Trainee: 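There's a structure below that I have some questions on.
Predicted, not measured: the structure shown is a model, and the values here were computed from it.
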Protein chains: 2
Amino acid sequence: MIRGESATEPDALAGARVEGTRDTDSAAVALFHSLSDPARLAIIRLLSDGERRVVDLTGELGLAQSTVSGHLACLRSAGLVDAHPHGRSTYYALTRPELWELLAAAETVLDAAGSAVTLCPEHHRPQRPEPLVPCGVAVRGCLLHGAHHGRH
Amino acid sequence: MIRGESATEPDALAGARVEGTRDTDSAAVALFHSLSDPARLAIIRLLSDGERRVVDLTGELGLAQSTVSGHLACLRSAGLVDAHPHGRSTYYALTRPELWELLAAAETVLDAAGSAVTLCPEHHRPQRPEPLVPCGVAVRGCLLHGAHHGRH
DNA sequence: GCGAATCATCGTCATATCCCGATGATAACG
DNA sequence: CGTTATCATCGGGATATGACGATGATTCGC
């Protein structure tokens, strides 16, 4: 991963090894893998405010520069960030606004599991669809509205 | 992971090591990690039709039984499946209907990246929200409806 | 022109991960 | 009761991963 991102490359061979998997699962595997590291989640959060240089991210994360470069390479390979060299600096920015829906959906899954998790920065949080169940059963406070909504 | 799921346990220590991460990120990391393996995605797909025994999954996946047990332990630790021992068999079932929204959202991200990926079984696919952009700009066929919708 | 800054890459290390076969506890079957 | 089936767990192997420091190419600032 840190060198060459071989594990995140779409790998039809590994996909064909396990029955029931699909070649296209590799892209999904790479996407989920890119999100399965705390440093990379933190990078995404930092980039949500706008593009940043590697040295900025390095300072904020408190990791070695080479490590940050590796994480950015992983995110880049998964298509979540883009790199814009500018002189001796390289600016990285997020590329997929759809990512916020994904993070919000993960919040929902974890919320249902009892983990109050906030992955989406507030200004990127997609609107939750209106609950289909009429209000009446207060199960848990809604993360977005902080009020009690019917859940199910 | 295969023994003890130490890597998927919420680990506040690792979370505190990288600046900008949150302790609660561990649950998200574990969730994304649980989805970042082709065999586990296949298991989720198999279980989408209803609960199954380990031996059934083992047969369908073509993996060693111990491997399948390990994957199920991972999914279980992430809260995505539940185990119901019944005699000498153990039935596994999915626990989070919210998971379909997450997989659909991942499809969207990958779709935007140019990878036509189907993670959601058809009978579990959540309804896509109506596009906010009026029809007019045909960019890419909609996975669900197969017709051309405005994208942006 | 020189020193400093930046960053992708490499090598190394400790640990994790997925794979397998083996094993033992438990339950089912004849 | 003896045999078979099932499954969680363990040990080992091959590989991957995230961490670090070092390095060299490129750019910037004086």
Trainee: Out of dA8(C), dA22(C), dC18(C), which has the shortest distance to the side chain of V54(A)?
Mentor: dA8(C)
Trainee: Taking NE2 from H71(B) and C1' from dT9(D), how many angstroms apart are they, rounded to a whole number?
Mentor: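 Distance, rounded to whole Å: 15 Å.
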Trainee: Can you tell if the side chain of D82(A) reaches within under 4.5 Å of the side chain of H84(A), non-hydrogen atoms only?
Mentor: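 Yes, side chains in contact.
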Trainee: What is the separation between atom CD1 on I43(A) and atom P on dG18(D), rounded to the nearest whole Å?
Mentor: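 Whole-Å distance recorded here is 11 Å.
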Trainee: Starting at atom CG of L61(A), determine the distance to atom P of dG18(D), rounded to an integer number of angstrom.
Mentor: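 Distance, rounded to whole Å: 14 Å.
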Trainee: So S69(A), base contact, sugar-phosphate only, or nothing? Heavy-atom distance under 4.0 Å.
Mentor: base
Trainee: Look at T90(A) and dT6(C) and indicate whether a side-chain polar atom (N or O) is within less than 4.0 Å of OP1 or OP2.
Mentor: no
Trainee: OP1 or OP2 of dC7(D) versus the side-chain N and O atoms of R53(B): is any pair under 4.0 Å?
Mentor: no
Trainee: Closest to the H33(A) side chain: dC18(C), dT9(C), dT17(D)?
Mentor: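 Of all the options, the side chain of H33(A) is nearest to dT17(D).
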Trainee: Is there a donor N/O on one and an acceptor N/O on the other, under 3.5 Å, for the side chain of T67(A) and the base of dG18(D)?
Mentor: no
Trainee: Over how many whole Å does the gap from H86(B) atom NE2 to dT26(C) atom P extend?
Mentor: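 Checked: the NE2 to P distance equals 19 Å.
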Trainee: Classify Y91(B) by what it touches in the nucleic acid, base, sugar-phosphate, or nothing, heavy-atom distance under 4.0 Å.
Mentor: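 The answer is nothing, as Y91(B) stays clear of every strand by at least 4.0 Å.
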Trainee: If I take atom CG in residue L72(A) and atom P in nucleotide dC7(C), what distance separates them, rounded to the nearest angstrom?
Mentor: 9 Å
Trainee: Determine whether L102(B) and T108(A) make a side-chain contact, defined as any pair of heavy atoms from C-beta on separated by less than 4.5 Å.
Mentor: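 Sidechains of T108(A) and L102(B): no contact.
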Trainee: Between dA8(C) atom P and Q65(A) atom CD, what is the distance in whole Å?
Mentor: 7 Å
Trainee: Taking the side chain of V55(A) as its heavy atoms from C-beta onward, which of dC7(D), dC18(C), dT6(C) lies nearest to it?
Mentor: dT6(C)
Trainee: Distance-only, no hydrogens or angles: does the R40(B) side chain make a donor-acceptor pair with backbone N or O of S34(B) under 3.5 Å?
Mentor: yes
Trainee: Would you please classify the geometry between the Y91(A) ring and the H86(A) ring as parallel, tilted or perpendicular, with 30° and 60° separating the classes?
Mentor: perpendicular
Trainee: Taking only side-chain N and O atoms of Y92(A), does any of them lie within less than 4.0 angstrom of OP1 or OP2 on dT6(C)?
Mentor: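 No, Y92(A) has no side-chain N/O under 4.0 Å of OP1/OP2 on dT6(C).
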Trainee: Using atom CZ of R76(B) as one end and atom C1' of dC7(D) as the other, report the distance to the nearest whole Å.
Mentor: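 Checked: the CZ to C1' distance equals 12 Å.
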Trainee: Measure CZ/R88(B) against P/dA8(D) and give the value in whole Å, please.
Mentor: 14 Å
Trainee: Heavy-atom nearest nucleotide on DNA chain D for A64(A) versus G87(A): which residue maps closer to 5'?
Mentor: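 Mapping each residue to its closest nucleotide by heavy atoms, the 5'-most match is A64(A).
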Trainee: Check whether any side-chain heavy atom of T58(A) sits under 4.5 Å from a side-chain heavy atom of L63(A), and report yes or no.
Mentor: no
